[in-house]
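A quick write-up on the structure given underneath.
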Amino acid sequence: MEPEVIRTILLNECSSFDKNGFDKDIGLYISLIEEKKYKDASIVYEKRLIPRYPDELTRVRIIRYYRKRDIRFREIYAGAVRAIFEKIVASVKKLIFHISSIFESRSSNPYEILRKIDLALKVIPHRAKNEGFAFIDKMETYSVLLGYMPEKFSIAADILKRYFDNTLFVKVEVKESVKIDESYSYKKEEEKKKITIDLDKIVFSDEEIKMICINNEIKSRSFQVLAYCRQYWRQIFNHDFEKKIFLYSKKYNTNHFRIFQIIKNCRIKKMNDEVILLEIYSLLSNSYSYSLKEDLLMQKVWRQIRPADLDAKGSVLENSVNKEEEDNNKKELENAKQNEKSRRKEEAEGRRLRNIRYRTDAQVYSLHDRIQKFYHKEVFDAHEEFNQLLSKHIDKYLEKHWKKDVKQDPYILKGAAYIITTFITDNYNVVSPNWASSLAKREVTNIGFQVPEIESIIALCLEEIRLRRAVA
């Protein structure tokens, strides 16, 4: 592949790369270490360099060779950059293939087109108008540069870009357009039918209009809000209704879909009903205005007519849904809640594992074996360096863990530090020593400290050793 193609894609996807292809985060990390800003260096290393260079041996050599101006840096760095590029290309091709396959079959049915767009939006990271357009445009450029499905993806890109810039929905007939690009051998001169949703051809039945619009005789803004809420409340997971109200709003340039989106998004995010009422009230207002009396009235009436609180007799009211549909909506809402809960749990677990990087090792190896990973007798003694750092990190830890009702005496702190140091050295060759039920912990607690665990102290020492060795 041409070097210019590699350079273009890397510069677009990796903001830390300069025009010459050098990763500026490497220089930043080394400068932070030299300035003894170990915390900032650790963030750069953990958040940027490790994900970018997952192989530890390669990563350490890149940093070391660059710092020492070693001639081997160019070769090993070029290999690492090539691996990054291949990973990006694989991800881009996967996305291009997926989006192209969605729009592979042609259809002029507006509901089918919207269904395909909805599927594509699920894999596009940017849904906002400008960002989404720019992302699709970038992917289209990549498909040409890589020579990967350029013709098929251009069809999908054309639909999605016109969706983002709001030109997909027009009131004109579908016209023929010619796409010719003589600079690439894979593009032949042919005519393509440009897919366009002609809003003039979309007809809504009286029943559909009745589901979308509220009674025209309702003039009070507060009661309009209540009517919209009651009408759309049980439809938030009805995808067919969502497509109809979307097209209706596009055709007649109304706020119905925006009102529907407020109700749907706020309910999924578990916002209070009062927030939904106020949001819709603000949308329907031509200018900013707020009446406390009107707001309280809306809330009072809403509590009385809210669909979720209706009894069995109330289910026969206009716009109510049948029992099966209501059960399906409840299941979808419950699944959405469960998925959100699972996602948050996974993120929390990920953060916990990242914050306690060495604790997994602590359950398998003794402290001696963990330090031995850093040992190199010709360069330095990791065990000796650990002992030098230990007292510093113990003191810092204890300064933050005084009991609130204890006078902070430096001699007491030294005594607690001695107890902890003794416990660590006595258990140097023990796998996962039991600090929680040890006599040492009780002694430290009795003299005025809360030390539930000591693994974080050990982890900080090992982390500092690792950071020092990475640029040694």
Side-chain angles (χ1 to χ4, degrees), residues 6-7 9-68 73 76-92 94-95 123-126 131 135 138 340 342-363 370 373-374 389 392-393 396-397 400 453 455-472:
I6 298 176
R7 178 174 172 273
I9 295 178
L10 281 175
L11 289 179
N12 278 335
E13 298 301 316
C14 302
S15 58
S16 65
F17 279 50
D18 62 19
K19 294 181 179 180
N20 297 320
F22 175 68
D23 189 348
K24 293 179 286 186
D25 283 338
I26 296 174
L28 174 62
Y29 171 71
I30 292 174
S31 64
L32 291 171
I33 291 292
E34 292 174 348
E35 295 170 8
K36 297 183 178 180
K37 296 179 179 179
Y38 297 117
K39 184 177 180 180
D40 294 337
S42 177
I43 293 173
V44 173
Y45 193 84
E46 297 285 347
K47 303 293 184 182
R48 304 182 193 177
L49 296 182
I50 288 181
R52 201 170 298 147
Y53 310 100
D55 183 72
E56 186 171 2
L57 181 61
T58 301
R59 183 172 63 249
V60 171
R61 284 178 175 175
I62 288 173
I63 296 172
R64 185 175 296 166
Y65 292 165
Y66 177 75
R67 182 174 178 271
K68 293 184 177 182
F73 169 77
I76 194 170
Y77 180 71
V81 171
R82 168 66 66 173
I84 294 173
F85 174 75
E86 290 175 352
K87 185 177 179 181
I88 293 172
V89 168
S91 178
V92 168
K94 184 178 179 180
L95 185 63
V123 297
I124 296 175
H126 306 288
E131 290 83 354
F135 180 80
K138 181 176 69 173
E340 180 67 15
S342 299
R343 184 185 66 79
R344 291 180 180 178
K345 186 176 180 181
E346 290 175 1
E347 289 181 353
E349 181 66 14
R351 288 194 298 269
R352 186 184 72 81
L353 292 176
R354 287 194 297 272
N355 291 335
I356 55 175
R357 176 181 174 85
Y358 292 96
R359 294 191 184 183
T360 302
D361 285 352
Q363 299 172 358
R370 292 161 69 189
K373 294 180 180 181
F374 301 100
L389 295 171
K392 179 184 75 172
H393 287 292
K396 286 185 177 180
Y397 184 91
K400 299 177 181 179
E453 49 82 30
E455 180 56 34
S456 58
I457 299 173
I458 297 173
L460 287 171
C461 295
L462 296 178
E463 178 72 6
E464 187 167 341
I465 292 174
R466 184 179 64 79
L467 289 171
R468 291 181 177 184
R469 300 286 71 76
V471 294

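Here, residue 1 is the first one in the sequence, and each next residue gets the next number.
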(message) Within this structure, what is the OG-CG distance for the pair Ser16 and Leu11, rounded to the nearest 0.5 Å?
(response) 10.0 Å
(message) Return the OH to CD distance between Tyr397 and Glu453, rounded to the nearest 0.5 Å.
(response) 4.5 Å
(request) Nearest 0.5 Å please: distance from the CG atom of Leu462 over to the CG atom of Leu389. (result) 9.5 Å
(message) Is there a side-chain contact between Phe17 and Ile84 in this structure, where contact means two heavy atoms from C-beta onward sitting under 4.5 Å apart?
(response) yes
(message) Contact between Glu13 and Lys138 at the side-chain level, heavy atoms closer than 4.5 Å - yes or no?
(response) yes
(message) Exactly one of Asp25, Leu28, Ile62 should register a side-chain contact (heavy atoms from CB on, under 4.5 Å) with Leu49. Which one does?
(response) Asp25
(request) Give a yes or no on whether Lys392 atom NZ has more than 12 heavy-atom contacts from other residues, nucleotides or ligands under 6.0 Å away. (result) yes
(request) Could you tell me whether the side chain of Ile458 reaches within less than 4.5 Å of the side chain of Arg370, counting heavy atoms only? (result) yes
(message) Whether the side chain of Glu35 engages the backbone of Lys37 through a donor-acceptor N/O pair (distance < 3.5 Å, no angle test) should be reported.
(response) no
(request) Mark yes or no for whether Tyr77, through its side chain, and Asp23, through its backbone, hold a donor-acceptor pair below 3.5 Å. (result) yes
(message) Rounded at 0.5 Å granularity, tell me how far SG in Cys14 sits from CZ in Arg48.
(response) 12.5 Å
(request) Answer whether the closest heavy-atom distance between the side chains of Glu463 and His393 falls below 4.5 Å. (result) no
(request) Rounded to the nearest 0.5 Å, what's the gap from CG on Asp40 to CD1 on Ile33? Could you check? (result) 10.0 Å
(request) Quick one: pull up OG in Ser31 and CD1 in Ile26 and give me the separation to the nearest 0.5 Å. (result) 12.0 Å
(request) Check whether any side-chain heavy atom of Ile63 sits under 4.5 Å from a side-chain heavy atom of Tyr53, and report yes or no. (result) no
(request) For the pair Glu464 and Lys396, find out whether any cationic side-chain nitrogen is under 4.0 Å from an anionic carboxylate oxygen. (result) no
